[in-house]
Amino acid sequence: MALIADRNTPLKDGELISVPVAANAKIFVGALVVANSTGFAAPGSVATTLTYLGRAEEYVDNTGGANGDKTVQIRRRKAFKFKNYATDLVTQASLGKTCYIVDDETVAATNGGNTRSAAGAVLGIETDGVWIQ
């Protein structure tokens with residue numbers, strides 16, 4: 001039903017979020033973090049079912065744990081610099097385009113023959129990494 005009066009809509013800051021961690025996942029501070037196919041936080045890896053979330057703000061070890069036994073703080077809505085994959089380099093020609101997840105610290109220029117999930121838009125390329133958002 002559409003509003004017919006003012007509404008006090010709850011607000012939550014989406015820059016730092018707490019996400020339940022996948023079973024048996026270990027996430028390091030500064031890692032590229034994804035949501036797996038069931039919506040739990042996991043370190044970046046080569047797969048086509050992942051959704052890029054951001055950078056881990058804390059270390060969480062859920063080894064031996066079930067989905068959601070622990071949570072991880074993830075920073076979003078910022079640009080983060082990750083390593084550039086040497087055999088599939090992100091170049092200046094990729095500026096503004098999507099790059100792809102290789103692991104929890106590395107991105108590549110292509111989807112690797114439809115084997116990698118999207119990481120985000122390339123905002124800059126430096127000799128020691130790629131800025132993505």
Determine whether a donor-acceptor pair (N or O, by modelled atom type, separation under 3.5 Å) exists between the side chain of [X] and the backbone of [Y].
{"X": "Asn67", "Y": "Ala23", "result": "yes"}
{"X": "Lys70", "Y": "Asp61", "result": "yes"}
{"X": "Asp88", "Y": "Tyr85", "result": "no"}

Hey, are the side chains of [X] and [Y] touching, using non-hydrogen atoms and a 4.5 Å cut-off?
{"X": "Ser117", "Y": "Thr51", "answer": "no"}
{"X": "Val46", "Y": "Ile101", "answer": "no"}
{"X": "Gln133", "Y": "Phe80", "answer": "no"}
{"X": "Asn84", "Y": "Thr106", "answer": "no"}
{"X": "Val33", "Y": "Arg55", "answer": "no"}

What closest approach, in Å, do [X] and [Y] show between heavy atoms, and which atom pair accounts for it?
{"X": "Ser18", "Y": "Gln73", "value": "CB-NE2, 3.1 Å"}
{"X": "Val90", "Y": "Cys99", "value": "CG2-CB, 4.1 Å"}
{"X": "Val122", "Y": "Ser94", "value": "CB-O, 3.4 Å"}
{"X": "Asn36", "Y": "Leu50", "value": "CA-CD2, 3.8 Å"}
{"X": "Ala41", "Y": "Val19", "value": "CB-CG1, 3.7 Å"}
{"X": "Gly64", "Y": "Asn24", "value": "N-OD1, 2.7 Å"}

Point-to-point distance, once rounded to the nearest 0.5 Å, from [atom1] of [X] to [atom2] of [Y]:
{"X": "Ile27", "Y": "Asn62", "atom1": "CD1", "atom2": "CG", "value": "8.5 Å"}
{"X": "Tyr100", "Y": "Ile132", "atom1": "OH", "atom2": "CD1", "value": "12.0 Å"}
{"X": "Ile74", "Y": "Leu53", "atom1": "CD1", "atom2": "CG", "value": "4.5 Å"}

Charged N to carboxylate O under 4.0 angstrom, [X] versus [Y]?
{"X": "Asp103", "Y": "Arg116", "answer": "no"}
{"X": "Glu57", "Y": "Arg75", "answer": "yes"}
{"X": "Glu105", "Y": "Lys83", "answer": "yes"}

Within a radius of less than 6.0 Å around NZ of Lys81, do more than 12 heavy atoms belonging to other residues, nucleotides or ligands occur? yes
Aromatic plane relationship, Tyr52 with Phe82 - under 30° parallel, 30 to 60° tilted, over 60° perpendicular: perpendicular
Do Ile17 and Val34 belong together in a cluster built from hydrophobic side chains that touch within less than 4.5 Å? no
